[in-house]
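Naming convention: chains lettered A, B, ... in sequence-line order (proteins, then strands); numbering from 1 in each chain.
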Amino acid sequence: MRLLLIHSDYIEYETKKDTPIAEKIDESFKKDRLEEALTVFIAVESVDEEGKDEVIKKSIEEIKKAVKQINTNRIMLYPYAHLSSELSSPKFAVDVLKELETILSKDYEVARAPFGWYKAFRISCKGHPLSELSKTIVPEKSEKDEIVSEALKAEDVAQSYWKIMTPDGELHDVESFDFKNHKNLKKFVDYEITKSRKVEEAPPHVELMKRLELADYEPASDSGNMRYYPKGRLIKSLLETYVLESSVENGAMEVETPLMYDMNHPTLKKYLDRFPARQYSIESDKRHLFLRFAACFGQFLMNHDMTISYKNLPMKMIEMTRYSFRREQRGELVGLRRLRAFTMPDMHTMCSDMDQAIEQFGDQYNTCIETLDNIGLNIDDYEVAIRFTRDFYDQNRTFINSLAETVNKPVLVEMWDTRFFYFVLKFEFNFVDAIEKASALSTVQIDVENSERYDIKYTNTEGELTRPIMLHCCPSGAIERCIYALLEKASMDSEKGKPPMLPVWLSPTQVRILPISTRHLGYAEEVAEQLNARVDIDDREDSVGKKIRDAGREWIPYVVVIGDKEVESGNINVTIRSESQQNKPVKKEMSVNELNKKIHEETSSMPFRNLPLPKYVSQRPKFI
RNA sequence: GCCGUUGUGGCUUAGUCCGGUAUAGCGGCUGAUUCGUAAUCAGCAGGUCGAGGGUUCGAAUCCCUCCGACGGCUCCA
């Protein structure tokens, strides 16, 4: 709030014309004059809306102080918009003005000029040292005060019960459960429940993402917004394509929806309150926009406008959100594990009723297992968490038990007494990294609230409009997080003496050809032509030892050395990384076709893209 | 967001306690070498020591503020 206080001999005004935001007033209010008064010009600002009472209290104090100093008894409250360029809503401003008038009237003779009118005024300023004062009042916490959703607050107080469910469906107390054969689950449970935090080092993937020239921090952006170099972009692109294409094969329709939404849209406003995340917000013109943290908004708004029959159900829609934005807390951001801008496949399935929802949930549970497996993360690499309300569990015991049975290992279970999110059942697959931190990858949730909130309906067999049940599914988890998990997994492998590497289909260079001297370049070129893979040629004038070392540091799955022997025999000598031990490379002589066949077997079911960098290593810039 | 640690050429780093404008390797460039499986040799270039302010004759070094990174608290995909 901005205040301009003027000790005046007199102040008088007369309304001339109303504006669209003018308050309705009596005839008597249209004209007034005060002698010997403190005139208070006031602009109520948008920040004031975050702390109305506080702002009112502070401005009363200021006004009282001024009144006392100049020793008067009369006050004119005069709305004066031009004091600020960030005005509050007119309604709010009028409320504040009226409240000031009411409070001040208890002790003084107060007049108030009407809000939202063009007025003529005349004022005589006394001109002594204290006669003109200007004050700015801001609610204390307004700068930092963020909007915390009800869901975030509710989670703080919610009661939950933790159990371990074995494949037979039995529930065990966490304290008494024997984790001897389930070390990874123990780490996950510790992370989730007992919150034990032992390590003090950075997760290994941070160094790897830089050294492999995949991704890096971008200091010129906000924290958690990364830059991706060509190799990182390739891996992301392959993963994105894979998840999208396999979802489409499973019947999902790909859509695209906006990145930003109006904070004051009534439907969204309510949803924001139910989602446990913090948003980025942007002021643009008069609108208060926020950046989406998932694709729910766009897809649900789309569903709202659609005409849908029971024959269309279950109906799946997917978007690869590049990006989803969440303003995660600063201390939470590390490398690719948690970001503020991330890429997430977000699929929603509209189901006719709970039976169909449960059936779909089961299907998608299996699909998620398969998806992660194809990406290169198998069931031993992550731990399952299943969360539900007590009511839901009582009604669907057999089904929930079957989830544990499917993975055939104990899973962590969380049961809530009351539902404080929008879902009644959810699972996540949690990856536990090299420093024993857990983070969620795939997840599916049964949402029982949002079809109501977004007014989504379909026509049932009886011709009646019916509320569907919605499923949220992220088949792979965030794409960046998949890369993080693959890097962490590779790092753990190397601890065990296995050479670290990425799955062949994701390796930026799949085959490196390494001519021994420049005269072998021509033949190297020929071999490269015959290989159906991402092949590059290390044509640098370096020793063979050096080039081999570099190929190893890049985790290249197949390295082919070309010298006189190969030119003569027509065969190639291949170092196979996946079969090697550290310091013990496995070399095999084979034909070009045999190598082609091997790579084909390993990668043909997955998407392919061409080499993201120049074919000749000598032509490549260094990114780091 | 709060607390702690930290920030030196593109990368890794010496110097910081005890003030005197900076050390080395990798990478880059030039030249020599044409090489059979984890770093060929020599030379050259490259730094307003995270940013801003202060103390001082003088600051990478001491003080303050801000920014980034890492760890803890808390939370998710």
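B:G72 atom P lies 9 Å from atom CD of A:Glu332, rounded to whole Å. Computed from coordinates, the A:Leu212 CG to B:C11 C1' distance equals 14 Å when rounded to whole Å. Taking atom CD of A:Glu207 as the reference point, atom P of B:U12 lies 8 Å away to the nearest angstrom. The distance between atom CG of A:Leu333 and atom C1' of B:C75, rounded to the nearest whole Å, is 11 Å.
Comparing A:Arg330 and A:Ala440 against RNA chain B, the residue whose closest nucleotide sits nearer the 5' end is A:Arg330. Each of A:Ala478 and A:Val206 has a nearest nucleotide on RNA chain B; the 5'-most of these lies closest to A:Val206.
Listed by first residue number, the stems of RNA chain B with at least three Watson-Crick or G-U pairs below 3.5 Å are B:1-7 with B:67-73, B:10-12 with B:24-26, B:28-32 with B:40-44, B:50-54 with B:62-66.
Within 4.0 Å (heavy atoms only), A:Ala438 reaches at least one base atom of the nucleic acid. Here A:Pro203 lies in heavy-atom contact (under 4.0 Å) with sugar-phosphate atoms only. Using a 4.0 Å heavy-atom cutoff across all strands shown, A:Leu339 reaches at least one base atom of the nucleic acid. A:Lys426 comes within 4.0 angstrom of the backbone, heavy atoms only, and of no base.
Electrostatic pairing of A:Lys163 and A:Glu414 does not count as a salt bridge here, judged by no charged N lying under 4.0 Å from a carboxylate O. Salt-bridge annotation for A:Arg322 and A:Glu480: absent, with no side-chain N of the basic residue lying under 4.0 Å from a carboxylate O of the acidic one.
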When you check every protein heavy atom under 4.0 Å of nucleotides 28-39 of chain B, what one-letter string (B, S, -) results, 5' to 3'? S----BBBBBSB
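Few gaps surround CE on A:Met492; more than 12 heavy atoms of other groups in view lie less than 6.0 Å from it. No more than 12 heavy-atom neighbours from other residues, nucleotides or ligands sit within 6.0 angstrom of CD on A:Glu256.
Of the options A:Asp447, A:Val448, A:Thr443, a side-chain contact (heavy atoms from CB on, under 4.5 Å) to A:Gln445 is made by A:Thr443 and by none of the others.
Aromatic pair A:Tyr261/A:His288: ring centres not closer than 6.0 Å. In summary, the aromatic rings of A:Phe325 and A:Phe293 are positioned with their centroids too far apart to meet the 6.0 Å limit. In this structure, the ring of A:Tyr365 has its center less than 6.0 angstrom from the ring center of A:Phe427.
Seen from the ring of A:Phe388, A:Lys426 does not count as a face-on cation partner, given the 6.0 Å and 45° thresholds.
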